[in-house]
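Numbering of residues begins at 1 and proceeds along the displayed sequence. One-based numbering, in listed order, for ligands and for the atoms of each.
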Amino acid sequence: GSTPTPVATVSQYACKRRTTTQNNNKIFTDAFEVLAESYEFNEIEGRCLAFRRAASVLKSLPWAVQRLEATQDLPCLGGHTKAVIQEILQYGRSFEVEKILSNERYQTLKLFTSVFGVGVKTAEKWYRRGLRSFRDILAEPSIHLTRMQQFGFLHYGDISRAVSEAEARALGNIIDEAVRAITPDAVLALTGGFRRGKEFGHDVDYLLTTPELGKEEALLLSVIDRLKHQSILLYCDYQASTLDMDQLPCRRFEAMDHFAKCFLILRLEAGQVEGDLQRVEGDSRSWRAVRVDLVSPPIDHYAFALLGWSGSRQFERDLRRFARLERKMLLDNHALYDLTKKEFLEAKTEKDIFAHLGLEYIEPWQRNA
Ligand code: TTP
Ligand code: MN
Ligand code: MN
Ligand code: MN
């Protein structure tokens with residue numbers, strides 16, 4: 001028989017669950033993610049989040065859902081999510097999801113938001129003006145593209161293609177070499193999806209800092225300059241630090257943090273990658289463009305920045321929600337603030353932060369919520 005072994009109660013908080021990259025319920029979570037995205041496109045935030053939470057719960061299960069009854073003790077599953085599960089169990093697919101996938105508005109917003117620099121607001125504006133394809137957008141003289149969007153279109157084929165682990169490693173070597181040449185004792189750490197053990201990503205994320213406080217921003221600028229001189233910098237959106245520690249941690253998750261950072265497009269040569277580049281058939285170029293994020297927190301904010309940039313987004317959202325609701329603490333990418341004691345809690349490592357929150361430590365590869 002394949003009766004699932006009953007697990008100890010599953011927490012409603014992703015930060016109290018261990019979620020590896022092995023998803024035993026992909027058929028359901030893929031469907032939930034389409035529904036969540038469709039609600040996001042229609043700015044129905046509550047339902048969007050409900051489906052994201054439901055997907056995250058199913059991703060954490062060490063077993064596949066085979067009967068609806070198996071989900072009865074799981075948190076975050078409402079009537080709507082259960083109806084979708086039931087539909088998929090019965091017919092192997094969800095008709096509601098199929099209807100969304102064939103919807104012109106959904107398809108168009110999905111296409112437009114796949115461009116680097118295009119968010120839901122912009123995609124929606126273009127849709128309302130009757131634009132339906134990239135050709136429509138590029139042929140419309142009254143549309144002003146930001147520089148980021150211009151480069152998004154220019155490198156669309158490359159940066160919409162997944163980055164492999166081997167490519168991420170090759171980029172790591174290039175950035176590490178640039179960093180070492182400038183500041184031998186600098187700290188460079190892989191974050192984002194690749195730190196969580198994902199095999200593919202949409203970009204590669206790094207934290208970069210210096211042991212000496214206050215030197216990190218200059219280091220980031222020097223690294224960018226060096227990449228430029230090596231002719232591998234295809235695009236750079238640099239954002240200076242706006243860090244002000246008088247401000248309390250932000251309550252809203254999606255708010256950007258205040259560290260110096262840059263969103264880059266780098267040129268990666270095939271010869272630098274073990275194996276080969278991820279490429280479409282028939283593409284014989286010797287290089288591809290890859291999206292890279294470099295973030296430079298001051299060393300005394302390093303642990304918070306590392307935790308915040310390691311993701312997943314759902315894991316981060318629930319860490320903040322748990323801190324606020326269960327501990328009366330505010331957590332963001334910079335700091336942890338105890339509202340009861342009215343003080344900031346220091347941390348040198350991620351483990352310190354979990355300990356302050358009274359949470360068991362969750363390894364990066366268990367944060368794929
Ligand atoms: P992403 O690179 O967007 O996501 P990812 O690395 O988890 O997945 P992918 O393979 O698709 O790249 O973001 C990494 C983490 O950084 C994510 O948890 C959210 C966080 N983040 C911030 O904290 N602030 C920001 O401004 C951005 C862009 C991301
Ligand atoms: Mn990433
Ligand atoms: Mn990123
Ligand atoms: Mn802040």
So, is Arg313 polar-close to ligand 1, with some N/O to N/O distance under 3.5 Å? yes

As an exercise, identify every atom of ligand 1 less than 4.0 angstrom from a heavy atom of Asp203. 2 (O), 12 (O)

Evaluate the criterion side chain to side chain donor-acceptor pair (under 3.5 Å) for residue pair Ser94 and Glu87; output intermediate values, then yes/no. CA-CA 6 Å; Ser94 157; Glu87 225 187 346; 3.2 Å; yes

Under 4.0 Å between a Lys/Arg side-chain N and an Asp/Glu carboxylate O for Arg288 and Asp276? no

Within the 4.0 Å heavy-atom shell around Gly308, which atoms of ligand 1 are there? 16 (O), 18 (O), 20 (C), 23 (O)

Does the distance from a Lys or Arg side-chain N to an Asp or Glu carboxylate O, for Glu124 and Arg105, drop under 4.0 Å? yes

Got a sec: does the CZ of Arg285 have more than 12 other heavy atoms crowding it under 6.0 Å? yes

Here the N/O/S atom of Asp293 closest to the Mn ion (ligand 3) would be OD2

Ligand 1 contact on Asn333 by region, counting heavy-atom pairs under 4.0 Å: side chain

Can you sort out which atoms of ligand 1 are near Gly201, meaning under 4.0 Å from one of its heavy atoms? 10 (O)

Regarding Arg132 and the six-membered ring of Tyr127, is the cationic atom NZ or CZ under 6.0 Å from the ring centre and inside 45° of its axis? yes

Ligand 1 to Arg196, heavy atom cutoff 4.0 Å, flagged ligand atoms 7 (O)

If the cut-off is 4.0 Å to any non-hydrogen atom of Asp205, which atoms of ligand 1 fall inside it? 2 (O), 6 (O)

Please walk me through it: do Thr9 and Asp73 pass side chain to side chain donor-acceptor pair (under 3.5 Å)? CA-CA 7 Å; Thr9 52; Asp73 294 328; over 6 Å; no

If we only count N/O pairs under 3.5 Å, is Glu316 in contact with ligand 1? no

Just go through Phe200, Trp309, Phe194 and tell me whose heavy atom is the nearest to atom 27 (C) of ligand 1. Trp309

So, does Asn368 use its side chain to make a donor-acceptor pair with the main chain of Arg196 at under 3.5 Å? yes

Does a donor on one side chain sit under 3.5 Å from an acceptor on the other, for Asn42 and Glu40? no

Under a 4.0 angstrom heavy-atom cut-off, which atoms of ligand 1 come close to Gly192? 6 (O)

Strictly under 6.0 Å, is that where the ring centroids of Phe116 and Tyr235 end up? yes

Applying side chain to side chain donor-acceptor pair (under 3.5 Å) to Arg147 and Gln150, what does each step give before you reach the verdict? CA-CA 5 Å; Arg147 212 175 88 85; Gln150 288 170 26; over 6 Å; no

When you draw lines from the Mn ion (ligand 3) to OD2 of Asp203 and to OD1 of Asp205, what angle lies between them, to the nearest 10°? 100°

Just jot down the ligand 1 atoms closer than 4.0 angstrom to any heavy atom of Met256, in number order. 26 (O)

Provide the number and element of each atom of ligand 1 under 4.0 Å from a heavy atom of Lys198. 8 (O), 9 (P), 10 (O), 11 (O)

Would Gly193 count as being in polar contact with ligand 1, using the rule that some N or O on each side must be under 3.5 angstrom apart? yes

